[in-house]
Amino acid sequence: MTHSTTTGPAIDAKVDARVTGAHDDDDDIDDDEQDATNGDGKKKKKKKAKKKGGSGAKVGQTEPPRVGLSKLFPDGVYPEGELQEYKDDNIWRTTSEEKRAAERAAMEDPSLTYQNIRRAAEVHRQVRAYARKAIRPGMRMMEIADLIEDGTRALVEESGLESGIGFPTGLSLNNCAAHYTPNAGDTIVLQKEDVLKVDIGVHVNGRICDSAFTLTFEPTYNNLLEAVKAATNAGIREAGIDARLGEIGAIIQETMESYEVEVGGKVLPVKSIENLSGHTIVPYMIHGGDRGKSVLLVKNNDQTRMEEGEYYAIETFGSTGRGRVVESGDCSHYAKIYNAPHTPLRLQTAKSLLKTINKHFDTLPFCRRYLDRLGESKYLLALNHLVAQGIVQDYPPLCDQRGAMTAQFEHTILLRPTVKEVISRGNDY
Ligand code: 57R
Ligand code: CO
């Protein structure tokens, strides 16, 4: 099947219709008397935001967002994400008494409770709602990063390693798919022709909500965005306890590559980027740690299965180019290597920088701007030394060929014992 209209197919209704309270945007706060047209073209009455757990939250949020979530949710109960029932051989989980007991147990242990990740996800929804409104061509990349990160720090009530930014805000442009955020002195200005991937990370007690979307300001690449959104939703639908990673890759690729884009009279196929992947997330580690699993975006023979209790970033990337990325350009992203061997450091500046990294980020990814704001200066030699010593990993931008355009959509999901929870789902994507 090939979709060459600008809208692509309607996404599976099950994905669109939230099982629990919808996370409405702040512009619907007063719309309970109004009719709103839903995606299916039918008119439906929208529920008043306040009544459901999900979005009453936004009542009282400011623009730009600066009200900490503990003020908006004084009882400490944060909205549940979208629930998707397990299917086929796992339908029994929905009602299993044993699995329900497992859920209750998880909610009793403060380090395991879903409230951590749900709080991170609600911050994500509120920050991105503002980002979508505020990001406009003409802005410098530095302004965009600040706009997002100032909002995240305020809403998550940043506090040491207990809550804060989960990873540097990805703002990759056009052929670059991931791992670009501005460094000091960056002069890039967003153009109206640009395709911008906005990848935002928020953590609470190490539980990272990793979710991303793509912005354009012209219709040319609408179909590319639709392809990637549909592929991500297909991957989410296919994910589940016991699901095989290779099969999820196949469904993602099939969905993605059923689209094409017309650019300047030329029809271009949309390709799944073959060397990027979704990934498990564990506390304080964005990439699954030792036993991390990857969900490729193309058909492959990986028989590894998803398991109960895992957290996944389900993300897909589509491209009008080769569908392969290579490292390219100045590095901004870094993270300490979790199980790095103990190496005595003779370079004093490197020792001191490592102390700063341990204190402020531990194994969470960081970028040069975060070192700048901590008052570090002239640290590049020391940072490069830590990379050379195998203590810190550098993550340069990942880009397809020049002239290609890439898009990304991503959600964090939880494989709970009885149900799959798409923690970062909102009414936007
Ligand atoms: O979503 C150091 C970061 N992430 C920030 C975010 O996976 C992430 O396939 C990781 O700062 C590190 C991937 N990479 C291959 C080259 C192995 C990427 C896909 C993009 C991104 C940024 C990601 C990936 N893995 N973890 C989050
Ligand atoms: Co991400």
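Quick note: numbers below take in every heavy atom, side chains included, and nothing from hydrogens, waters or symmetry partners. First listed ligand is number 1; within each ligand, the first listed atom is number 1.
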Trainee: Within 45 degrees of the axis of the six-membered ring of F213 and under 6.0 Å from its centre: does R132 put its NZ or CZ there?
Mentor: yes
Trainee: Taking the N/O/S atoms of E410 one by one, which is nearest to the Co ion (ligand 2)?
Mentor: OE1
Trainee: Is it possible for you to check whether R128 lies under 6.0 Å from the centre of the six-membered ring of Y429, through NZ or CZ, and within 45° of that ring's axis?
Mentor: yes
Trainee: So, 2.8 Å as the limit: is an N/O/S atom of E315 located closer than that to the Co ion (ligand 2)?
Mentor: no
Trainee: List in chain and number order the residues that pass ring-ring contact (aromatic ring centres under 6.0 Å, His included) with Y311, two or more places apart in sequence or in another chain; answer none if no residue qualifies.
Mentor: none
Trainee: For ligand 1, what N or O to protein N or O distances fall under 3.5 Å?
Mentor:
| residue | atom | partner | partner atom | Å |
| --- | --- | --- | --- | --- |
| ligand 1 | 1 (O) | E315 | OE1 | 2.7 |
| ligand 1 | 1 (O) | E315 | OE2 | 3.0 |
| ligand 1 | 4 (N) | H279 | NE2 | 3.3 |
| ligand 1 | 9 (O) | S277 | N | 2.8 |
| ligand 1 | 9 (O) | S277 | OG | 3.1 |
| ligand 1 | 25 (N) | H287 | ND1 | 3.2 |
| ligand 1 | 26 (N) | H279 | NE2 | 3.2 |
| ligand 1 | 26 (N) | H287 | ND1 | 3.4 |

Trainee: Given the rule in the ring pair (Phe, Tyr, Trp, His ring centres under 6.0 Å) test, do H203 and F167 qualify, once you have shown the distances and angles that lead to the verdict?
Mentor: CA-CA 9 Å; H203 87 91; F167 54 78; over 10 Å; no
Trainee: Using only N, O or S atoms, tell me which atom of D210 is closest to the Co ion (ligand 2).
Mentor: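 Considering only N, O and S atoms, D210 comes nearest to the Co ion (ligand 2) through OD1.
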Trainee: With sequence neighbours excluded, what pairs up with K299 under the salt bridge (charged side-chain N to carboxylate O under 4.0 Å, His left out) test?
Mentor: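 Partners of K299 by the salt bridge (charged side-chain N to carboxylate O under 4.0 Å, His left out) criterion come out as none, since no residue qualifies.
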Trainee: So does R93 pair up with E85, basic N to acidic O under 4.0 Å?
Mentor: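 Salt bridge flag = no for E85 with R93.
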Trainee: C367: what forms a disulfide (SG to SG under 2.5 Å) with it, not counting sequence neighbours?
Mentor: none
